[in-house]
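A short worksheet on the structure shown next.
Indexing begins at 1, ligand by ligand and atom by atom, following the structure's order.
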Amino acid sequence: MADAVKDGSANGHFELYLRLQSGMEKCMRTLLVTGAAGQIGSELTTALAHRFPAASILATDIRHPPEFPENVIFEHLDVRDADRMSLLVDAYGISTVYHMAALLSAVAEQLPEKAWDLNVNSLLNVLNLSKSGRVTQVFWPSSIAVFGPHTPRLKTPQHGVADPTTVYGISKWAGERWCAYYFNRFHVDVRSLRYPGIISWKTAPGGGTTDYAVEIFHQALENKRYDCFVDADVTLPMLYMPDAIAATLALMEVPSQAITVRSSYNLGGVSCSPSQIAAEIKKHLPGFALHCKPDFRDTIARSWPDSIDDAAARTDWGWKHRYGLSDITADMLEHLS
Ligand code: AKB
């Protein structure tokens, strides 16, 4: 595979055009992952490369890529650039897009208009590629951030009051409505999950409210204490990365007719607070101490559900999480140490 095209300049486009003409870059099946250097995108890219060894995976991001398996190609892509996205889709013969690029809740509060532009307009770019028939399947992550203070906090139902308070939540809620609209109006096969906080050890999260649930493990091992930016009792739904990846792959493989939710599926996992995570960590590291210094992210976290009713995902495509809090804690500490 030729070197990646460096940017979206006219020069870069021309190089790509030549490659397209030569037909050398056309693959039988190529999957595109945007945001492939991110916490979920990086692990999803690797999981797809292993799941489909005969396929090529086009990983894209504006950041430097991590190390990927051999059947992964990397290209620079700012997902707001519809022309370059379209060019890459044609050049590589992309059939499926996993559109993971986003600004997360905490950082989005500092850059509300950029967050809206990135999170919503880039989704429209992807949905329009599918509407035109060039891409046949799309995955797009939504979030528990679509819920807010007027949503039932316990066992939050699939359908009901959304009420997002953050620009991230508003963008995810709007994105969900766009997904349902493109499915109903244009038959775009778009599938989505409302991820809770994701705990993982390979790639650090960045800019989210739930990042504390990852930082706590790093700090426990490095400093034996963690200063948490949400209060000890704030309970949120969380999922371990292998479960999040398994859910994503499963949803994308289920026959289209089985999918009854075309906005985004609720996805539950473990519900836990910082003090409960700390208690689990103390079983392994007895000297660990949790200190809480709540900031604006505490207010965001308190507006989100404690737990999620994911019965629709369980019924429609057999979703079931595997990792409980004690499994997650043991696995995180083992890998990080
Ligand atoms: C965030 O905290 O912003 C994300 C999310 C829950 O979608 N991890």
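The six-membered or imidazole ring of Y265 lies near that of W317, with a centre-to-centre distance under 6.0 Å.
Ion pairing between a basic and an acidic side chain is recognised when a charged N comes within 4.0 Å of a carboxylate O; D306 and R153 show such pairing. Of the charged side-chain nitrogens involved, at least one lies within less than 4.0 Å of a carboxylate oxygen, so that R262 and D189 count as a salt-bridged pair.
Listed by chain and number, L104, S105, S143, I144, Y168, G208, T209, T210, W304 each place a non-hydrogen atom less than 4.0 angstrom from ligand 1.
Geometrically, R191 does not engage F139 in a cation-pi contact, judged by NZ or CZ lying under 6.0 Å from the ring centre and within 45° of the ring axis. Under the 6.0 Å distance and 45° angle rule, R302 does not count as a cation-pi partner of W304. A cation-pi geometry, defined here as NZ or CZ lying under 6.0 Å from the six-membered ring centre and within 45° of its normal, does not hold between K224 and F288.
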